[in-house]
Structure formats: structure tokens, C-alpha cells
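This report refers to the structure that appears directly beneath it.
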Amino acid sequence: MKKIYGNKQLLDALAGMRASGRTAHSLMIWGEKGSGKKLIAKYYTQALMCESPENGKPCGRCNACMNVEKDIHPDVVYPERSGKLGNYSVKTARDIIADAYVKPNNSSGCKVYIFADCSHVQEQTQNALLKLIEEPPEYAYFIFTCGSKSEFLPTIISRCVCFSTAPCTEEEAEASLADSGYAPQDIQAAVSCFHGNIGMCESYINDEALRRQVDLTKSLADSIIRKDEYALSVGLFSLGRERDDVREVLSMLDKLIRDAAVLGKDETARTIGCFREGARALSRSLTAYQSARMHSRIEKAWSAVESNVGIPLALTALGAEIMEIVG
């Protein structure tokens, strides 16, 4: 079983529920991408299924724990996604409702449904699941992971026990990456960009596309620092037309702007973005008001993209507004 670094209070709470027999039938785990939500969902599932739990914690050695780890346990279901956005459909919800009333085959007497990475889940889908979550079979458990609780209707949230993940320390991230066998230079580069977010650090090391996104974000920051409108326009245009790429880079750029605002008040403050040097340089040229305006414009650009405004048009407008702010 893979060791989970950080989030000790959350893990202790889950173990306490299992040890006391007051396990939550509906669990929601939310937090930023890469913060371990799916890993913790699997941990809770192992605790439910484990043949020999130890103080509410999974042993990690029995057949049930091993099968959950390998994603081959017959009573652990990852519902299917469908459509261009990969969402959970009403049909999927109805399939799960039907399946939930088929009793499990394992010795633990549990059946677990893990809805991972929930985003823009249709209201009809949530309403279809609501009755099942309100009155589940005694053996059925439901786990939802998401970036924010706001992805769900209040009626769903109120019927779940909700936990948020917290970032690890950089030291914990370095230890985790070292345990996974990554080279020291790769660990240093990843942690300098994504700090205690172990999942994003691993992605940075393994995913060339993410490294390109980080480099582009740094380039955009440099363009803003130099007040180079042409370079900023070229950088934004190079993002292309893929929403995921646009979201990632705008999110990283927004964190840089946040860091600049924080460093403007306290040069020793902890940063969360991928380019501390760039944020420090921005902090010397941007006022807090300018940083707030830039954050607002980045949010506006992403909202436009989500509303199906053409990506080139939204990014062109963003570039112009950023240059107006920096003067």
C-alpha cells in the first residue's frame, strides 16, 4: 500500500470512523488537483474492505487491500464517464442505482462506488443519485472527489461527510518523491514549482506537456515584467485551443499574481506559484490594486472560455487588459 504523506488529521478521522463502526456511507473529499484526493479515497476503501484492520486502518497486506490497491476488487466500482467533457451522466447514475441493490460478494460485506474527479456534474445526475445517497443499502458506500464542494448541489453536500485535503510540506513532498525513486535534481525542480503538492510534482517530472505549460507561464510572467505586449500576445496565442491547457496555464499565472501581491507586503511569505523569482520581480512593479485587477481579468477570461467564447478572442482580450493594467 502506497504511503500517504501529510493529511494526518484527515486520515486519523477516517480511521476513527472505521474503528468506532460509525463509517460514513457518503464521503466527499475535496481539494486542489494533485493533493491526494483519490489516494485518500482508496485508503478509506481499503479500510472498509480490509480483512484485518488495525485501529481502523487498513493492513495493506490482505487480499482485499491488495485488490483495492490494484483496482481489481470486484466490489469497488469506478462509475463510467461519458460525453466530450467526461462527465457522469444520468444513465450512469441509473446504472449505479440498479447495481447498488445487488449485494456484495466479499467477506467485509461492503460495496464501494468511487466517483473520482467530479466536475460540472449535471444537476439531473445529482438528483438521480440523491435518493440512493439519502437511504443507501446498509452495505453501500459512496465516495466523491472534487476540486471544490461547489461542484455539488447543497442537497448532496448535506448528506455527505466532507473533508478537504491540505498541502504537504515541501519536506514531505521531497520524501515522497524520493521514496518513489525520482532523481534528486528532478525532485528539486518539481518541488520548486509545485511545493507540497505531491501529485503535481510527480506530473511535472513525468509529463512533458505540464513542463511546457510551466515554461509558458514563466514566459508570460517575464513578458508582463518587461511590459512586452507583443511577447505576451505571442505567449497567449501559443496556448492553442485546448481548454485544459488554457485552464492550467491561467491557473498557474493567477497563482503567480497572487504571490506577487503577497510578496509585496512580506518578502519572506510562502509562495504557491511555479515561479517565485518572477513573482518577486512582479511584486516590485505591481501594486496590490493592480494585482487584484489582474486576478479579476484572468478569472473573467476563464469564465469567457467556459461560456464558449472563442479561446483566441478571450486570450487576446486578456492580453490587452493586462497591458492596460501594467501601463
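Residues take their numbers from the sequence shown, with the count starting at 1.
Of the inter-residue distances, the one linking L177 atom CG with I198 atom CD1 reads 6.5 Å to the nearest 0.5 angstrom.
Side-chain atoms of M252 and V214, non-hydrogen and from C-beta on, do get closer than 4.5 Å to each other. Within the 4.5 Å cutoff, the side chain of R159 has heavy atoms near those of the L130 side chain.
Cation-pi contact between K3 and Y5: present, with separation from the ring centre below 6.0 Å and deviation from the ring axis of at most 45°.
Counting non-hydrogen atoms of neighbouring residues, nucleotides and ligands closer than 6.0 angstrom, the CD atom of E306 exceeds 12 such neighbours.
Every residue was checked against the salt bridge (charged side-chain N to carboxylate O under 4.0 Å, His left out) condition with K37, not counting sequence neighbours, and none meets it. Partners of E151 under the salt bridge (charged side-chain N to carboxylate O under 4.0 Å, His left out) rule, at least two apart in sequence or in another chain, do not exist in this structure.
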With a 3.5 Å cut-off and sequence neighbours excluded, list the donor-acceptor pairs that the side chains of residues 312-324 form with protein atoms.
| from | atom 1 | to | atom 2 | distance (Å) |
| --- | --- | --- | --- | --- |
| T316 | OG1 | P312 | O | 2.7 |
| E321 | OE2 | K300 | NZ | 2.9 |

Give every donor-acceptor pair under 3.5 Å between a side-chain atom in residues 14-21 and any protein atom, sequence neighbours left out.
| from | atom 1 | to | atom 2 | distance (Å) |
| --- | --- | --- | --- | --- |
| R18 | NE | A47 | O | 2.5 |
| R18 | NH2 | A47 | O | 3.4 |
| S20 | OG | G16 | O | 3.0 |
| S20 | OG | M17 | O | 3.1 |
| S20 | OG | R22 | N | 3.3 |

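Pairs of residues two or more places apart, or lying in two chains, that qualify as salt bridge (charged side-chain N to carboxylate O under 4.0 Å, His left out) and include a residue from residues 211-237 are E208-R212, R226-D228. Pairs engaging residues 255-278 under the salt bridge (charged side-chain N to carboxylate O under 4.0 Å, His left out) rule: E32-K255 [sequence neighbours left out].
Ring geometry for Y88 against F115 counts as perpendicular: the plane angle is over 60°, on a 0 to 90° scale with 30° as the lower cut.
Defined by atom type and a distance below 3.5 Å, a donor-acceptor pair is present between the side-chain atoms of D245 and Q213. Side-chain atoms of D186 and Y204 include no donor-acceptor pair closer than 3.5 Å.
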I29/F144 under side-chain contact (heavy atoms from CB on, under 4.5 Å): CA gap, chis, key distance, verdict: CA-CA 6 Å; I29 305 171; F144 303 90; over 6 Å; no
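Residue Y182 is grouped with residue V191 when hydrophobic side chains (ILVMFWY) are merged at heavy-atom distances under 4.5 angstrom, including chains of intermediate members.
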